[in-house]
Amino acid sequence: MDTKRDSSFERMLAADSKMRIFNDTVPAGILVIGQEDGRVVFSNRYFNEAFGVDAVALLGESWESFFVDKDERQELMVEFSVRDQVRDFELRLRGKDDTVLWGLASLAPIMVDDEELLLFAFSDVTKLKHIEGKLRELNEIKNRFLGMAAHDLRNPIGAIRSMSNMILKLDLDDERKGKLLQTISRTSDQMLALLNDLLDVSVIESSEFSLKQRTGSLGALLKERVALVSLSAEKKGIRLFCDIDGDTDIELDPGRVAQAIDNLLTNAVKYSAPDSIVETSARRGGSSVDIRVRDYGQGIAADEIGRIFMPFERLSSTPTAGEKSTGLGLAITKKIVEAHGGTVGVESTPGEGSTFTLSFPL
Ligand code: ADP
């Protein structure tokens with residue numbers, strides 16, 4: 001250990017009490033090292049704490065061991081040799097318990113008692129780095145989402161455009177015009193449904209999404225939704241049954257849970273052949289109240305089932321009577337149930353049908 005060198009730097013600090021306070025309180029790691037040999041002459045309190053080192057034990061040690069990547073130290077020194085100082089150099093250092101700290105470092109020459117030293121300052125940006133990574137990931141999801149939404153809206157808009165042009169430019173009889181107008185109306189209904197689902201997803205994903213919870217009976221809510229969906233299911237000759245068992249009171253946002261249940265019920269009807277049945281139940285278990293919706297429809301292929309709750313995933317099962325399909329319903333359902341602290345599940349056998357479960361904690 002080169003005691004002469006460290007004592008001269010220590011002397012300089014001791015002589016200037018303001019500098020001592022600065023070194024103890026500045027929220028950045030500071031190392032002073034020998035310009036030639038890279039041996040530590042001084043480390044400030046922040047550095048010692050962040051890196052879990054003892055100031056005295058560190059004196060005379062090489063600073064190399066702090067670098068995760070030796071090439072980064074090499075690059076830093078090359079840049080220093082070009083400009084005689086470095087600012088905002090991004091590098092990774094080995095922190096306490098072998099953690100990796102991301103930091104912005106600067107390096108500047110200092111002279112103390114004719115000794116050429118280097119002052120290395122390091123500000124920890126590990127948290128920012130993690131946030132940056134998360135934001136990048138979210139941005140990619142958002143772009144993918146936007147791309148899919150734009151793609152899904154382009155086709156119906158194109159169809160509406162060409163059909164309305166036909167009505168305007170061609171001399172069509174009333175019957176043909178009527179048919180085109182019906183298709184335009186149906187297509188715009190589908191677009192509206194997609195836009196509503198998209199708005200729902202964006203509200204649910206946003207920080208403003210909050211549940212308006214109160215105590216309510218899941219069983220009673222299921223019964224109400226089954227009665228409503230039965231009206232439209234009748235057109236396909238599909239009958240819905242409802243079985244409620246035990247006290248099904250939980251804390252819930254009735255509007256949102258109704259939306260989640262409706263998605264399961266309309267899917268069961270949508271992906272089943274005409275004249276089949278759908279069985280539903282609300283049951284109280286040990287720690288949850290579970291809603292089940294069982295259909296005897298097409299079922300879901302085993303290699304696709306893992307994607308079913310993801311946004312914009314439409315699988316090979318398709319609506320049996322030309323109903324709308326946005327691939328967003330189950331993603332919305334999952335978010336709503338998770339916002340209640342619950343979980344969603346599905347079991348299915350292709351050709352035999354599917355059972356969806358929503359579990360709400362008691
Ligand atoms: P959508 O029904 O609007 O397409 P969902 O998110 O509700 O969107 O469903 C995603 C996909 O999962 C559907 O496109 C369909 O392929 C499949 N699916 C959903 N429910 C069922 C079901 N009960 N039976 C078979 N397949 C289903």
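As the structure lists them, so they are numbered: ligands from 1, and atoms in each ligand from 1. What you see is a predicted model; the values in this text were computed from it and never measured.
- Counting heavy atoms from C-beta outward, Leu264 and Leu330 have side chains that approach closer than 4.5 Å.
- Using a 4.0 Å heavy-atom cutoff, Gly327 is listed among the residues neighbouring ligand 1.
- For ligand 1 and Lys270, the ligand atoms under 4.0 Å from any heavy atom of the residue are 1 (P), 2 (O), 3 (O).
- With hydrogens and angles ignored, the 3.5 Å screen pairs a side-chain donor or acceptor of Ser162 with a backbone N or O of Gly158.
- Under a cutoff of 6.0 Å and an axis angle of 45°, Arg83 and Phe80 do not form a cation-pi pair.
- Inspection of the Thr357 and Asp290 side chains reveals no N or O donor paired with an N or O acceptor under 3.5 Å.
- Here the shortest heavy-atom distance to atom 23 (N) of ligand 1, taken over Asp295, Asn263, Ile308, Ile305, belongs to Asp295.
- The backbone N or O of Arg284 sits nowhere less than 3.5 Å from a side-chain atom of Ser288 that would complete a donor-acceptor pair.
- For atom 4 (O) of ligand 1, the nearest protein heavy atom (residue, atom name, distance) is Ser325 OG, 2.5 Å.
- Nearest protein neighbour of atom 11 (C) of ligand 1, counting heavy atoms only, is Glu313 O, 3.4 Å.
- Comparing heavy-atom distances from atom 3 (O) of ligand 1 across Leu265, Thr326, Ile300 singles out Thr326 as nearest.
- Every atom of ligand 1 is numbered from 1 in the order shown, and the set under 4.0 Å from a heavy atom of Leu328 is 6 (O), 8 (O).
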With side-chain hydrogen bond (donor to acceptor under 3.5 Å, both in side chains) as the criterion, how do Thr99 and Asp97 come out once you've worked through the C-alpha distance, each side chain's angles and the decisive distance to 0.1 Å? CA-CA 6 Å; Thr99 50; Asp97 305 325; over 6 Å; no
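- Protein heavy atom nearest atom 26 (N) of ligand 1, with residue, atom name and distance: Ser317 OG, 2.8 Å.
- Screening Tyr46, Phe66, Phe51 for a ring pair (Phe, Tyr, Trp, His ring centres under 6.0 Å) with Phe122, the sole residue that qualifies is Phe51.
- With respect to atom 24 (N) of ligand 1, the closest heavy atom belonging to the protein is Tyr271 CB, 3.5 Å.
- Looking at every heavy atom in both residues, Lys177 comes nearest to Leu172 through CE-O, 3.6 Å.
- For ligand 1, the atoms closer than 4.0 angstrom to any heavy atom of Ser354 are 24 (N).
- Here the shortest heavy-atom distance to atom 9 (O) of ligand 1, taken over Thr266, Leu330, Ile332, belongs to Leu330.
- When only non-hydrogen protein atoms are considered, atom 20 (N) of ligand 1 lies nearest to Asn267 ND2, 3.3 Å.
- When each atom of ligand 1 is checked for a heavy atom of Gly299 under 4.0 Å away, the hits are 25 (C).
- Geometrically, ligand 1 and Phe356 share no nitrogen or oxygen pair separated by less than 3.5 Å.
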